[in-house]
Amino acid sequence: MKPLALVAATALLAPAAVAHADRREASVHVHAVGGPLSMEDDASTAGAGTGALAGLAVRASYATRNAWQYDTQLTLGYGRASFDAGQFLLGGGTPMTVPFTVSSQLARLDAGVTLRLGVRWIPTVRLAVGAQAVRRGSPVATAGGFEFSGDDTDPASLSANLIGSATVGLDYRMSRRLIVGVALGATAAVPGVGDSWREATITVHAARYWYPRW
């Protein structure tokens, strides 16, 4: 009976071994991204503003080990943050301190490494560094129930940041080629390089894996 049990165990484990062969696998991931945002703006007299970010990302990866893959990701997003107070000349009169909002468009390119621990259910940990460009719209101030654009005193601007990010997720292998997953991440700008930027995101993604012939 022992030889038969050994044969049966080997047969059961064989599919898992094939599924775990991540070495030399390439992949393309498509992500939907969203979450809370914290950012600074020169017009603010009360510190950072808070809001929300939403966007899409595309990631390409290549695994050099069964547990590790190296990847690069492009993220495009849109965010809006509300600030408690800023000083504006509304209608050309006396400066007023009022709340305001700022919208932002984001383009980010980063490179990182992802630790993959599993076969069908795959816990993941990703660390990445990169650069981003942020276009900030003019502040929109609110006073007396009316909105006023700050185009004249504080026009739209473009800034750049160096960023670092960490992500923890869980993937599920639906087939040999298709993997879906969800992840929680945090990204922050390097202090002293561009304006302050912090975000926490939840990501839902689908990925196609294959063995390239090069």
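The figures here come from the full heavy-atom set of this structure, side chains too, leaving out hydrogens, waters and symmetry mates.
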Pair Phe83-Thr45, side-chain contact (heavy atoms from CB on, under 4.5 Å): steps then yes or no: CA-CA 9 Å; Phe83 296 80; Thr45 58; over 6 Å; no
Check against side chain to side chain donor-acceptor pair (under 3.5 Å), Thr75 and Gln73: CA-CA 6 Å; Thr75 304; Gln73 179 171 307; 3.1 Å; yes
Which atom of Ile122 lies closest to which atom of Ile179, heavy atoms considered: CD1-CD1, 4.0 Å
Pairwise side-chain contact, Trp197 with Ser159, heavy-atom cut-off 4.5 Å (strictly under): no
Gln69 side, atom CD; Thr64 side, atom OG1 - distance, nearest 0.5 Å: 9.5 Å
Nearest atoms (heavy-atom pairs only) where Asp41 meets Pro139: OD2-CG, 4.3 Å
Residues, nucleotides or ligands: over 12 heavy atoms within 6.0 Å of Arg65 CZ: no
Exercise: identify the closest heavy-atom pair between Ser165 and Thr187: CB-OG1, 3.3 Å
Joint hydrophobic cluster, Leu117 plus Trp68, side-chain heavy atoms closer than 4.5 Å: yes
Considering all heavy atoms, the nearest Val98-Ala141 contact: CG2-CB, 3.7 Å
Heavy-atom pair with the smallest gap, counting every atom of Ala85 and Phe100: O-CE2, 3.5 Å
Within one Ile-Leu-Val-Met-Phe-Trp-Tyr cluster: Val134 and Ile163, side-chain cutoff 4.5 Å: no
Single-linkage hydrophobic cluster, 4.5 Å side-chain cutoff, Leu56 and Val58 together: no
Point-to-point distance, once rounded to the nearest 0.5 Å, from CG of Asp171 to CH2 of Trp121: 10.0 Å
Cluster link Val182 to Tyr172, ILVMFWY, side chain under 4.5 Å: no
Geometric class of the Tyr209/His29 ring pair [parallel <30°, tilted 30-60°, perpendicular >60°]: perpendicular
Counterpart residues, side-chain contact (heavy atoms from CB on, under 4.5 Å), relative to Glu40 (two or more places apart): Ala48, Ser196
Inter-residue atom distance Leu158.CG - Ser104.OG, 0.5 Å rounding: 10.5 Å
Step-by-step side-chain contact (heavy atoms from CB on, under 4.5 Å) determination, Thr203 to Val33: CA-CA 5 Å; Thr203 301; Val33 182; 4.0 Å; yes
Inter-residue atom distance Leu115.CG - Thr124.OG1, 0.5 Å rounding: 8.5 Å
Listed partners of Thr167 passing side-chain contact (heavy atoms from CB on, under 4.5 Å), at least two apart: Arg126, Ala183
Val119-Leu170 co-clustered via ILVMFWY side chain contacts under 4.5 Å: no
Check: Ser103 main-chain N/O paired with Arg80 side-chain donor or acceptor under 3.5 Å: no
Ionic contact status for Arg116 with Glu25, cut-off 4.0 Å: no
Interatomic spacing from CG in Leu74 to NE2 in His31 - rounded to 0.5 Å: 11.0 Å
Main-chain N/O of Asp110 paired with Thr72 side-chain donor or acceptor, under 3.5 Å: yes
Closest heavy-atom pair and its distance - Asn161, Ala189: ND2-CB, 3.7 Å
Approximate separation, where rounding is to 0.5 Å, of Leu37 CG and Thr50 OG1: 8.5 Å
Pair Met39-Arg136, side-chain contact (heavy atoms from CB on, under 4.5 Å): steps then yes or no: CA-CA 11 Å; Met39 57 181 278; Arg136 299 168 185 265; 2.5 Å; yes
